[in-house]
Amino acid sequence: MVSFLDCIERVPEVLEGILKERENYFSDLRRAVADRRIDEIIFIGSGTSNTSAVTSRPFVEKVSVLRTTVVTANEFMFQTFVRNPNALYVFTSQTGTSSFVRKAQKQFRDNGFLTAAISESADTPLAKESGIFINMGCGYEEYPMRTIGYCASVFTQMLLGLEIGKLYGNLEEEVFNAYLEEASLAAGSNREVCSAALKWMDTARRRMFQSLPIVFAGAGSMYGLALEGAMKVWETPQIASVGYELEEGMHGPNYGYNYNHCVIVLNDGTEEQKGLSLARWMKEVKGNGFVAGRNVVDDSDLKVELKTENFTALELAPVVQIIAYRLAYDGGRDLFAPHDNSVMESYFKTHD
């Protein structure tokens with residue numbers, strides 16, 4: 001039987017497969033945008049499909065040289081009012097069954113907008129209903145708490161930005177290839193960080209179990225990873241958790257932090273001194289906090305050697321995934337138990 005940890009440990013293989021099949025996965029996209037000029041990329045998704053886009057957005061905008069926007073499906077449908085006729089609307093759903101994402105994509109495709117679907121296979125409902133299909137490359141994932149799907153979505157979205165940047169002449173061939181070479185390092189680093197995080201949690205878990213809530217904070221792509229970490233910890237070990245953009249995690253809740261709050265700073269070097277200052281304050285004054293990443297505060301933290309500059313979210317993703325896994329497993333939740341959503345779905349359904 002496949003365990004939750006097996007899924008986390010399968011991520012490097014999936015990333016390598018996406019890179020290997022890149023030419024095939026983006027063939028529809030190349031054909032669709034080659035003869036038209038888009039001026040914005042808009043990512044629409046819910047849950048992990050949203051947190052993955054928040055993670056990938058800065059890189060996508062940098063390499064495509066196009067404004068890149070991230071919105072949830074509900075926000076997209078009901079709270080945005082200016083529609084860009086020249087945008088590429090990218091709808092992400094791993095299983096392709098997310099009800100509102102499908103509804104939004106269908107409406108926009110029917111109205112003549114350029115739509116693309118990122119999904120696990122061409123046979124998902126979302127993929128069949130889209131103008132452009134982009135294979136997420138994750139295959140079937142055994143657990144609804146997505147770990148493979150998060151990393152596969154982030155990587156696919158980042159490669160989408162690279163493809164458009166190259167196609168429109170915004171990236172020289174040499175620069176494009178350098179990014180791909182850098183991307184190839186992410187899988188091996190992910191594997192190493194996963195192993196290190198498992199060992200680190202042998203001691204770090206005690207402080208986390210004593211805390212409520214757990215707070216993830218990070219800047220740049222680490223913000224998306226912080227949101228994903230909060231989601232995974234809430235749904236897997238079922239411990240209340242939140243994710244903050246680093247500055248907002250200091251500017252807003254700073255008057256509310258106390259010794260019950262475990263703040264985990266995700267540090268890939270972006271706004272590093274600010275993140276380390278937050279962690280140091282939580283450790284020295286509140287007695288509760290950790291850093292995971294390139295540089296840390298003390299020996300209780302998880303220091304890892306990152307191999308990339310731009311794909312650090314994929315390198316550090318195992319940290320939040322292993323935290324969620326260990327807190328669930330060590331806390332006694334039976335992750336092999338079937339997920340019976342029948343009662344919940346008698347009230348509401350998010351997927352068809």
Side-chain angles (χ1 to χ4, degrees), residues 4 8 47-48 50-51 54-55 145 147 150 193 196-220 222-268 270-304 313 316-335:
F4 192 73
I8 298 172
T48 290
N50 175 257
T51 63
V54 175
T55 305
M145 299 84 80
T147 53
Y150 169 75
V193 172
L198 278 167
K199 295 177 182 177
W200 173 65
M201 281 297 288
D202 286 341
T203 53
R205 61 181 174 173
R206 178 175 173 79
R207 184 70 253 182
M208 295 180 197
F209 272 130
Q210 295 171 339
S211 304
L212 193 68
I214 292 175
V215 181
F216 293 93
M222 296 295 100
Y223 171 41
L225 185 58
L227 293 175
E228 176 65 12
M231 184 184 302
K232 286 297 167 285
V233 168
W234 202 315
E235 66 181 356
T236 311
Q238 298 176 318
I239 297 172
S241 52
V242 295
Y244 275 108
E245 192 281 324
L246 180 59
E247 173 65 23
E248 292 306 300
M250 302 168 74
H251 190 92
N254 55 345
Y255 295 119
Y257 286 135
N258 62 44
Y259 67 93
N260 284 319
H261 304 148
C262 181
V263 175
I264 302 172
V265 175
L266 303 170
N267 177 31
D268 70 345
T270 307
E271 297 190 62
E272 180 173 89
Q273 292 309 309
K274 184 182 294 184
L276 295 180
S277 296
L278 172 61
R280 192 173 295 111
W281 177 65
M282 287 301 301
K283 287 170 176 285
E284 296 174 0
V285 178
K286 306 298 182 181
N288 201 353
F290 295 102
V291 182
R294 179 169 278 134
N295 288 303
V296 299
V297 173
D298 58 37
D299 291 342
S300 71
D301 297 326
L302 176 60
K303 180 177 173 62
V304 296
L316 284 173
V319 174
V320 304
Q321 294 168 348
I322 291 297
I323 289 173
Y325 163 69
R326 286 295 300 270
L327 293 179
Y329 182 83
D330 297 342
R333 184 178 185 190
D334 182 5
L335 294 174

So does [Y] get a backbone contact from the side chain of [X], meaning a donor-acceptor N/O pair under 3.5 Å?
X	Y	answer
Asp268	Thr270	yes
Asn267	Glu272	no
Arg326	Ile323	no
Lys303	Gly293	no

* Among Thr55, Thr51, Thr48, side-chain contact (heavy atoms from CB on, under 4.5 Å) partner for Leu227 ->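 Only one of Thr55, Thr51, Thr48 forms a side-chain contact (heavy atoms from CB on, under 4.5 Å) with Leu227, namely Thr51.
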* **Sole candidate of Trp234, Tyr150, Phe4 that passes side-chain contact (heavy atoms from CB on, under 4.5 Å) when paired with Met145** =>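 Among Trp234, Tyr150, Phe4, the one that satisfies the side-chain contact (heavy atoms from CB on, under 4.5 Å) with Met145 is Phe4.
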Between [X] and [Y], is any pair of side-chain heavy atoms under 4.5 Å apart?
X	Y	value
Ser211	His261	no
Asn260	Leu212	no
Val233	Phe216	yes
Thr236	Leu327	no
Leu266	Val320	yes
Met222	Glu271	no
Lys283	Ser300	yes
Tyr223	Leu246	no

Looking only at non-hydrogen atoms, find the nearest pair between [X] and [Y] and report the distance.
X	Y	answer
Pro237	Ala328	CB-N, 3.4 Å
Leu225	Ala317	CD1-CA, 3.8 Å
Leu278	Ala217	CD2-CB, 4.4 Å
Val297	Ala279	CG2-CB, 4.1 Å
Met231	Gly47	CE-C, 3.5 Å
Arg333	Glu235	NH1-O, 2.8 Å

* To do: Would you please name every residue forming a ring-ring contact (aromatic ring centres under 6.0 Å, His included) with Tyr244, sequence neighbours left out?
  =>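 With neighbours one apart ignored, the set is empty.
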* Does atom CG of Asn254 have more than 12 heavy-atom neighbours, drawn from other residues, nucleotides or ligands, at distances under 6.0 Å? ->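 Check passes, neighbour count above 12.
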* Is the count of non-hydrogen atoms from other residues, nucleotides or ligands lying under 6.0 Å from Phe209 atom CZ greater than 12? ->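 Check passes, neighbour count above 12.
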Would you compute the distance between atom [atom1] of [X] and atom [atom2] of [Y] and round it to the nearest 0.5 angstrom?
X	Y	atom1	atom2	result
Ile322	Lys199	CD1	NZ	12.5 Å
Ile239	Ile214	CD1	CD1	5.0 Å
Met250	Met282	CE	CE	11.5 Å
Gln273	Asn295	CD	CG	8.5 Å

* Asked: Among side-chain atoms of Thr147 and Tyr325, is any donor-acceptor pair under 3.5 angstrom?
  ->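 Looking only at side-chain atoms, Tyr325 and Thr147 do not form any donor-acceptor pair under 3.5 Å.
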* Worked check of side chain to side chain contact (heavy atoms under 4.5 Å, CB included) between Met208 and Ile264 -> CA-CA 10 Å; Met208 295 180 197; Ile264 302 172; 3.9 Å; yes
* To do: Scan for ring-ring contact (aromatic ring centres under 6.0 Å, His included) pairs involving residues 270-290, sequence neighbours excluded, and state none if there are none.
  =>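 Applying ring-ring contact (aromatic ring centres under 6.0 Å, His included) to every pair that reaches into residues 270-290, excluding sequence neighbours, yields Trp200-Phe290.
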* To do: Decide yes or no on side-chain hydrogen bond (donor to acceptor under 3.5 Å, both in side chains) for Lys232 and Ser241, but give the supporting numbers first.
  => CA-CA 9 Å; Lys232 286 297 167 285; Ser241 52; over 6 Å; no
